[in-house]
Each structure stands twice: as structure tokens, then as C-alpha cells.
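Beneath this line is the structure, given in C-alpha cells, with notes to follow.
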Amino acid sequence: MNALTLPDIAAQALRQAHPLEWVGMCGIALPVLLDGKKLPATADAGVSLDNGEARGIHMSRLYLGLETLEQETLSPGLLRRVLHSFLISHEGLSNNAYLTIHTDLLLKRPALVSPLSGWKSYPVSIEARLKNQMFHVELKMALPYSSTCPCSAALSRQLIQQQFVDDFANRTLHHDEVLAWLGSPEGIVATPHSQRSTAQLSLRLHESLDELPLVAIINDAEAALGTAVQTAVKRADEQAFALANGQNLMFCEDAARRLNLALKRSPGVSGFQIRVIHAESLHAHDAVAESRWNWEAA
Ligand SMILES: Nc1nc2c(ncn2[C@@H]2O[C@H](COP(=O)(O)OP(=O)(O)OP(=O)(O)O)[C@@H](O)[C@H]2O)c(=O)[nH]1
């Protein structure tokens with residue numbers, strides 16, 4: 001048997017004809033170009049199988065359609081061309097095409113005070129689809145940040161006041177003594193709890209965009225949250241972080257509202273869904289808030 005006689009099972013007719021919404025491959029390893037870097041990624045590539053008589057799609061054609069992704073920077077235009085190539089290679093079989101890229105964006109972040117910096121990794125998914133001849137792109141990303149509980153801060157302040165009353169009741173106050181007390185463990189008998197928190201963002205983009213505004217959106221969201229987790233940290237940076245947290249007390253509701261306002265102003269964003277998760281150190285469960293804008297199920 002030579003190559004010309006290889007059996008083509010995908011082309012076989014079916015007894016039970018039925019169209020399928022999505023057929024393809026998930027977890028294809030490939031490099032992508034983003035933010036001037038070549039990043040390891042995985043792709044989920046698929047098409048609808050609208051011709052219910054056909055046994056299968058042609059997986060290899062989708063796989064080969066991904067080749068341009070390692071040569072050009074990821075952009076809405078590039079994703080659209082790849083999706084178009086999926087449909088061209090499945091003429092008569094498929095009307096809709098789908099492509100999701102999963103990667104970790106690496107951004108270099110400066111320390112708060114010292115002249116140091118370090119890398120932060122942001123899990124990102126870029127979901128593109130060409131459905132009913134309409135092209136859509138959605139971005140998904142996760143941002144870690146620190147949140148300090150405002151209720152816990154108020155309760156701690158009250159305990160510090162009580163300790164002050166206990167230690168200084170019926171005494172003349174001397175500046176030196178009070179200063180020394182403030183620097184002692186008694187001066188901070190209680191501390192509010194903070195938690196590492198995560199903002200999960202799902203965003204739809206305006207169709208006219210030439211670029212994927214991933215870095216701009218991450219920067220806008222981190223600025224709104226105020227206390228993004230740090231990379232390289234010396235004591236001076238840790239002190240600045242402690243001050244930033246003290247000035248930035250927030251419940252999960254506060255974080256969700258801040259992100260809502262910031263993302264509405266972020267250029268290129270046409271709708272979003274936000275979910276913030278405060279992995280509480282007070283509880284074994286999480287505090288969670290969600291917010292949506294121009295977000296109907298696609
Ligand atoms: N459709 C389909 N193909 C599968 C599946 N699992 C593995 N494959 C294989 O994917 C390989 C590539 O399929 P095709 O793209 O149709 O390959 P081909 O017939 O050589 O390529 P064309 O000539 O372009 O059609 C085949 O060897 C299939 O057996 C599956 O679940 N569905």
C-alpha cells in the first residue's frame with residue numbers, strides 16, 4: 001500500500017448524521033510572540049462540524065494553520081487570519097472557527113523604593129472566534145494582589161487604644177515615653193489580617209483594535225487595586241508595602257467596584273466580567289465579589 005491509497009476515515013459518510021458545535025484539538029504546544037517576547041503557550045483550535053454527513057474534520061489542517069502564530073506578534077488581525085484559514089480548509093464542513101491561546105505573560109516590575117526589579121507572571125488566555133461571519137476576541141487574565149481587611153484594621157485600632165489606656169491611665173504624658181511605647185510590641189498589640197487575593201478578568205475588545213492591550217489592561221487594573229504583589233523586596237520596599245496596605249484597606253466589594261470603574265475607562269474594552277477572590281486568612285473559605293458590564297453570554 002502506498003501513500004495514495006491511505007484510507008481517509010474522516011471523509012466517510014455516516015449512518016447517524018449529526019452536526020457538532022465544536023471539534024478540534026486542545027493543548028497544542030507552540031511558542032507565541034507577545035509584548036516583544038517569545039512565550040511558551042498552548043492552543044485550543046476547533047471548528048464547528050455543520051455538515052452532519054461528514055464523519056470528521058481534518059485535524060492536521062487546523063494544526064498547520066497555527067504555523068503563522070510563531071512568526072508574527074499576536075494581534076486581533078493575526079487571530080482573524082488563522083481562523084479564516086481554518087474555515088477555508090474546511091469548506092463545505094464548517095461555518096464557525098475557534099482558537100484559544102493560553103500563556104503566561106512575563107512583566108518586569110520595579111520595587112517600591114529600592115532600585116531593584118523582578119519578573120511577574122500573569123496567566124493569560126486569548127479567545128478568538130469567527131462565528132456567523134462575526135469576529136470576536138476575549139481576554140482572560142488573573143492578577144495577584146494584597147488586600148487588608150478594613151474591619152480587622154478598625155478592631156485592631158480599638159485594641160491599641162485600650163492598651164494605651166491601660167499603660168498610660170492617670171499619668172502625665174511625656175513625648176519620649178509615648179514615642180518609645182509606639183515603637184514597642186505594646187504599641188501594636190493587634191494587627192489586621194491581610195490576604196493574597198486574585199482578580200480574574202474576562203474582557204471583550206472593540207472590533208477595530210489593531211493590538212491586544214494586555215499590558216495596558218494589567219497596568220490599569222493593578223493601579224486601581226493599589227497593592228499588587230511585589231517581586232524583589234528589600235526592607236525599605238517591605239515598609240513601603242506595609243504603608244500602602246495601611247492606606248488601602250479593602251473588602252472584596254471595594255476591589256470589584258474599583259476594577260469596574262478602571263476597566264470601563266480602559267481603552268479598547270467593550271465589556272467585562274470581574275471576579276475577585278480574597279483568600280481569607282481569617283477563614284478557611286474565600287470572600288468573593290463579581291461585577292459585569294456589557295456582558296451577555298456569547
Ligand atoms: N477527525 C479526527 N481525526 C483524528 C482524531 N483523532 C486522531 N485523528 C487523526 O488526525 C489525523 C489527521 O487528519 P486529517 O487532517 O484528515 O489528515 P489527512 O487526511 O492526511 O489530511 P488531508 O489530506 O488534508 O485531509 C488523521 O490521521 C486522524 O486519524 C479524531 O478524533 N477525529
Side-chain angles (χ1 to χ4, degrees), residues 1-35 37-105 121 123-142 200 202-205 207 209-212 214 273 296-298:
M1 192 186 276
N2 61 35
L4 292 173
T5 61
L6 291 174
D8 192 355
I9 299 298
Q12 282 179 348
L14 277 182
R15 253 182 268 151
Q16 282 183 312
H18 195 77
L20 297 168
E21 279 69 32
W22 195 98
V23 189
M25 294 157 287
C26 290
I28 302 167
L30 78 174
V32 292
L33 298 172
L34 254 184
D35 191 37
K37 300 178 198 76
K38 199 170 222 183
L39 301 173
T42 58
D44 304 337
V47 288
S48 56
L49 182 51
D50 299 287
N51 180 348
E53 305 289 331
R55 174 86 183 266
I57 68 155
H58 301 275
M59 302 272 179
S60 69
R61 299 181 194 176
L62 301 185
Y63 188 93
L64 296 174
L66 299 174
E67 268 176 356
T68 43
L69 290 174
E70 64 182 280
Q71 287 145 16
E72 283 182 51
T73 294
L74 266 190
S75 67
L78 174 60
L79 292 166
R80 192 179 193 137
R81 271 184 280 133
V82 172
L83 290 173
H84 189 63
S85 78
F86 288 180
L87 292 185
I88 296 289
S89 67
H90 284 78
E91 214 175 336
L93 294 178
S94 308
N95 297 329
N96 305 322
Y98 305 89
L99 175 61
T100 300
I101 309 282
H102 307 277
T103 188
D104 287 327
L105 196 57
S121 160
V124 164
S125 296
I126 300 146
E127 296 184 7
R129 62 181 184 275
L130 199 48
K131 191 173 178 187
N132 303 325
Q133 293 169 340
M134 298 285 286
F135 174 67
H136 294 281
V137 187
E138 275 176 38
L139 304 179
K140 288 194 166 69
M141 58 191 86
Q200 295 174 344
S202 302
L203 307 118
R204 291 201 183 121
L205 301 180
E207 278 162 35
L209 278 190
D210 298 330
E211 296 179 348
L212 296 172
L214 282 160
Q273 175 167 256
E296 293 83 35

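As the structure lists them, so they are numbered: ligands from 1, and atoms in each ligand from 1. Residue indices begin at 1 and follow the sequence shown.
- Rounding to the nearest 0.5 angstrom, the gap separating the CG atom in N51 from the CD1 atom in I57 is 12.5 Å.
- Across G56, A54, S60, heavy-atom proximity to atom 14 (P) of ligand 1 is greatest for S60.
- With contacts defined as side-chain heavy-atom distances shorter than 4.5 Å, the pair I126/L214 qualifies.
- For atom 11 (C) of ligand 1, no protein non-hydrogen atom is found at a distance below 4.0 Å.
- For atom 29 (O) of ligand 1, the protein comes within 4.0 Å by no heavy atom at all.
- Put simply, CG on L105 and CE on M141 are 8.5 Å apart, with the number rounded to the nearest 0.5 Å.
- Looking at atom 32 (N) of ligand 1, its nearest protein heavy atom turns out to be M59 CE, 3.4 Å.
- In this structure, E91 places its CD atom where only 12 or fewer heavy-atom neighbours from other residues, nucleotides or ligands lie under 6.0 Å away.
- In this structure, the ring pair (Phe, Tyr, Trp, His ring centres under 6.0 Å) partners of H58, at least two apart in sequence or on a different chain, are H90.
- Checking atom 6 (N) of ligand 1 against the protein gives no heavy-atom contact under 4.0 Å.
- The closest donor-acceptor contact from the side chain of T103 to the backbone of P40 lies under 3.5 Å.
- Looking only at heavy atoms of the protein, atom 1 (N) of ligand 1 is closest to I57 O, 3.0 Å.
- Counting heavy atoms of neighbouring residues, nucleotides and ligands inside a 6.0 Å radius, atom CD of E72 exceeds 12 of them.
- Closest heavy-atom approach to atom 16 (O) of ligand 1 within the set H58, R55, H90: this belongs to H58.
- From the protein, the heavy atom lying nearest to atom 19 (O) of ligand 1 is D8 OD1, 3.9 Å.
- In terms of protein heavy-atom proximity, atom 22 (P) of ligand 1 is nearest to R61 NH2, 3.3 Å.
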